[in-house]
Amino acid sequence: MLHRLSVVVQTPAHSAIAGPLTYGHATPLPPGSLVRVPLGKRETLGVVWDGTPEDSNFEIRAISDALDGLAPLNAVWRGLVQFAAQYYQRAVGEVALAALPPQLRELGAAQLTRRLKRPKEVNGAIDTNAVDTTHSVALSAEQTSVIAEFDAQKGPFLLFGSTGSGKTEVYLQLVQSLLSRDPSAQALVMVPEINLTPQLEARFRERFEPRYGAASVVSMHSGMTPPQRLKSWLAAHSGTARIVLGTRMAVFASMPGLKLIVVDEEHDPSYKQQEGARYSARDLAVYRSQLETRLNPDDEPCRVLLGSATPALESWHLSRPAAEGGRYVRLAMPSRIGAGSLPKVRLVDMNLQQKKTVFSPQLLAAIQQRVARGEQSMVFLNRRGYAPVLACSSCEWKSECPHCSAYRVFHKIDRSLRCHHCGYAEPVPRACPSCGNPDISPVGRGTERLEEHLAELLADLRRPDGGPVVVARIDADSTKAKGALEAQLAEVHTGAVDVLVGTQMIAKGHDFRRITLVAAINPDGALFSSDFRAPERLFALLMQAGGRAGRDAAHSAASEMWIQTMHPQHPLFAALKKHDYPDFAASQLDERRIAGMPPFSYQALVRAEARTQEAAQAFLSLASAAACDVPDVERVTLYPAVPMGVQRVANIERAQMLVESPSRQALQRFLLAWQAVLRATRSQPEAKGLVRWAIDVDPLSI
Ligand code: ADP
Ligand code: ZN
Ligand code: ZN
């Protein structure tokens, strides 16, 4: 007799099959079992899901293989996937399969068994009783009280700690105390981009590997090869790995003993997945911790700690006092370790400078002083390449991308014009393609040009050792090669570099000890952006960047953060001068409350991509008009369809529509029911040419 099983598989986006399929097997497999099943003419990986399928008259196909060498994925994992699929409006199978390591899809039961039989790595001497004297730092008073409060409460927690206040040490301590009191406990530590913070990984390995063995800490991020990812995943799933260190994808790691989740730099936009199921790993981390606790009521609760010097306004708002409706416990560490001070903020009014000034004389003098003293400076500009546009001096020609509504960026290093949206690249033409004029020149500047310019300005200066000044650049272009970023960061750390130029990549997380000056060359764009989150992001970025300066307490008194701006009176800079995040947050939250924007309302974006802008907008408008019978429609606002900021990318026209509601539940119920309408609208003649559409719940950029 065949037992019927519900199985989720990867199905195409928006296909009518969103739920589990029914298969048969000789024995009843428990939910969470991995199986290989026939699907059409292929065979594919599936996960046995909860619930018994209904009887049907159709012939049921049998599963091809059960990967029974692996323990089933537990109820928390399934619950998390189920929730994420529903909340972010995707199919369960899509989310479930995307949450598994890609290589698992290719392995049959026999191959997997062979793989699992591979001898475990020799762990070296593990001494669980080792009292690790090298790492027993004396905690600061703030660290001590934060840890005590953490132990006394259930959370969720928001650790609001200045840059350099010792947040990482708190994470290490919390993990350490958990692992030593519970031999089967596991901790998940999430970071925005692991490649940017190799130091963090090193600190965790250094702290825990001597005690729990080389296999106790595993990483999970997209920079790993498929075999590495599978290996980490299996180690977490089996419980061998006690600590998983990963990027957003790690929120879906299978961890049977999970008792602690840390989300470092929780405000970072890279926690939001930007394709497929557009989940927020931070929000899912909070959900997961609560689900772990709910489904394991006899265990110690699973706690979650979000950490940041500039929390997301959503998290900040959630951590207001409980009496005012707050649900997170706010823990604060306002002081820097070693009583170092935060850098002094200096605003340069660019209205008072000569036209086209890149470096004001004051800033240049300050950088020169640093070089002469053997200290380092960091200059950042959020635009890579040499110049954002190339233009002809005698006609209207500009380096437009033929496939996008955007300019191609001039990269001088290989004399190319490259589109940062579709990747289309060409050698720079010798003369204007439109009028033949040989005088085509760069307009504006990116990091490449800034680096060149600064090297010229500092050419005559000598470092204290008599050598010439070294200016280096770190951005997505300079770090393409594997290992390049690590090598370049190491150069900065050894002190070989005097001035580091880069994009926001250099502003985040690094513990540079010798930097005493940080400068933002032109941050004004974000002040008047149409995206209501732009000021929040700018403030966080500037605070983070400033946090790179003066991390060595001995130098902190002399450390400075320079900002060149046309708007020195802007309240954002006033708050920044005082290093006053709470003040900035309060004023932003006031504005958002008045305007009814998140966190005081809930949003979703529907994006449509089509051959023509008309088709993209028609699809959205029709679906909007057809929403009148959808449940909860009276509690949501559907805004008109509009072209996206960059309207055309790779010859595809893009439009979007904002959906908003004061109630998260109402928005959820509406979206769930409206999906069917969107699917049906696709076949309308007006929507001909539609290529794809997708819903983004809690979108980060609008
Ligand atoms: P954050 O993550 O808050 O920016 P870190 O955890 O990186 O701060 O700490 C900043 C620096 O202070 C690091 O070099 C760290 O090793 C050091 N540090 C942290 N806690 C202590 C402590 N209790 N005693 C001495 N040094 C500490
Ligand atoms: Zn021309
Ligand atoms: Zn393009």
Side-chain angles (χ1 to χ4, degrees), residues 134-147 159-175 189 191-192 197 199-204 206-207 262-266 305 307-311 331-340 342 390-409 416-426 429-441 493 507-514 543-554 556 646-654:
T134 45
H135 296 304
S136 49
V137 282
L139 294 178
S140 71
E142 288 177 0
Q143 286 171 327
T144 308
S145 81
V146 155
I147 291 171
L159 174 56
F160 170 52
S162 305
T163 49
S165 62
K167 293 187 289 299
T168 313
E169 187 57 43
V170 169
Y171 309 153
L172 289 161
Q173 295 283 338
L174 295 178
V175 171
V189 178
V191 293
T197 44
Q199 283 175 330
L200 186 88
E201 187 174 351
R203 274 169 87 179
F204 270 84
E206 191 189 347
R207 186 73 60 97
V262 171
V263 184
D264 188 26
E265 308 292 1
E266 64 89 35
L305 175 81
S308 178
T310 50
L331 308 171
M333 297 204 300
S335 319
R336 275 189 151 182
I337 290 289
L342 286 163
L390 215 54
C392 171
S393 60
S394 73
C395 79
E396 299 285 283
W397 183 84
K398 287 195 172 76
S399 55
E400 261 153 4
C401 174
H403 310 295
C404 304
S405 46
Y407 293 117
R408 280 176 300 166
V409 176
S416 67
L417 286 179
R418 265 185 261 158
C419 176
H420 287 185
H421 296 278
C422 74
Y424 180 71
E426 265 182 341
R430 285 180 202 290
C432 171
S434 159
C435 73
N437 168 22
D439 181 24
I440 46 177
S441 50
H493 286 291
K508 292 184 189 176
H510 309 290
D511 194 12
F512 295 130
R513 311 302 296 177
R514 306 163 62 137
M543 285 281 277
Q544 286 294 327
R548 298 314 107 212
R551 290 177 74 83
D552 194 337
S556 69
V646 179
Q647 177 174 333
R648 186 169 50 100
V649 168
N651 296 319
I652 295 287
E653 289 285 339
R654 314 186 308 164

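Side chains included, hydrogens not; waters and symmetry mates left out as well; all remaining heavy atoms used. All residue numbers in this chain count up from 1 along the given sequence. Order of appearance sets the numbers: ligands from 1, and atoms from 1 within every ligand.
- Between the side chain of Ser399 and the main chain of Tyr407, no donor-acceptor pair closer than 3.5 Å is present.
- Note on the Zn ion (ligand 2): protein N/O/S atoms under 2.8 Å are Cys392 SG, Cys395 SG, Cys432 SG, Cys435 SG.
- Here the closest heavy-atom approach between residue Leu390 and residue Trp397 is recorded as O-CZ3, 3.7 Å.
- Looking only at protein N/O/S atoms, the ones less than 2.8 Å from the Zn ion (ligand 3) make 4 in total.
- In Glu265, neither the side chain nor the backbone holds a heavy atom less than 4.0 Å from any atom of ligand 1.
- Looking at Ser140 against ligand 1, only its backbone comes within 4.0 Å, counting heavy atoms.
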CA sep, side-chain torsions, deciding dist, call: Cys392, Cys435, side chain to side chain contact (heavy atoms under 4.5 Å, CB included): CA-CA 9 Å; Cys392 171; Cys435 73; 3.7 Å; yes
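- Considering backbone and side-chain N/O of Lys167, one or more are found under 3.5 Å from N/O of ligand 1.
- Contacts of Ala309 with ligand 1, taken as heavy-atom pairs under 4.0 Å, are absent altogether.
- Here the shortest heavy-atom distance to atom 8 (O) of ligand 1, taken over Gly161, Gly307, Gly166, belongs to Gly166.
- Ligand 1 places these atoms under 4.0 Å from at least one heavy atom of Leu139: 23 (N).
- Proximity to Ala138 (heavy-atom distance under 4.0 Å) selects the following atoms of ligand 1: 22 (C), 23 (N), 24 (N).
- Heavy-atom proximity to Arg203, at under 4.0 Å, picks out these atoms of ligand 1: 5 (P), 6 (O), 7 (O), 15 (C), 16 (O).
- Residue Thr163 comes nearest to Arg336 through the heavy atom pair O-NE, 2.9 Å, listed as atom of the first residue, atom of the second, then distance.
- When each atom of ligand 1 is checked for a heavy atom of Ser162 under 4.0 Å away, the hits are 3 (O).
- Side-chain contact between Val175 and Phe204 is present, with at least one heavy-atom pair separated by less than 4.5 Å.
- Side chains of Ser394 and Asp439: a donor-acceptor N/O pair is absent below 3.5 angstrom, by distance only.
- Contact annotation: for Met333 versus ligand 1, there are no heavy atoms closer than 4.0 Å.
- At a heavy-atom distance under 4.0 Å, only side-chain atoms of Ile337, from C-beta outward, approach ligand 1.
- Listed by atom number, the atoms of ligand 1 under 4.0 Å from Glu169 heavy atoms are 6 (O), 19 (C), 20 (N).
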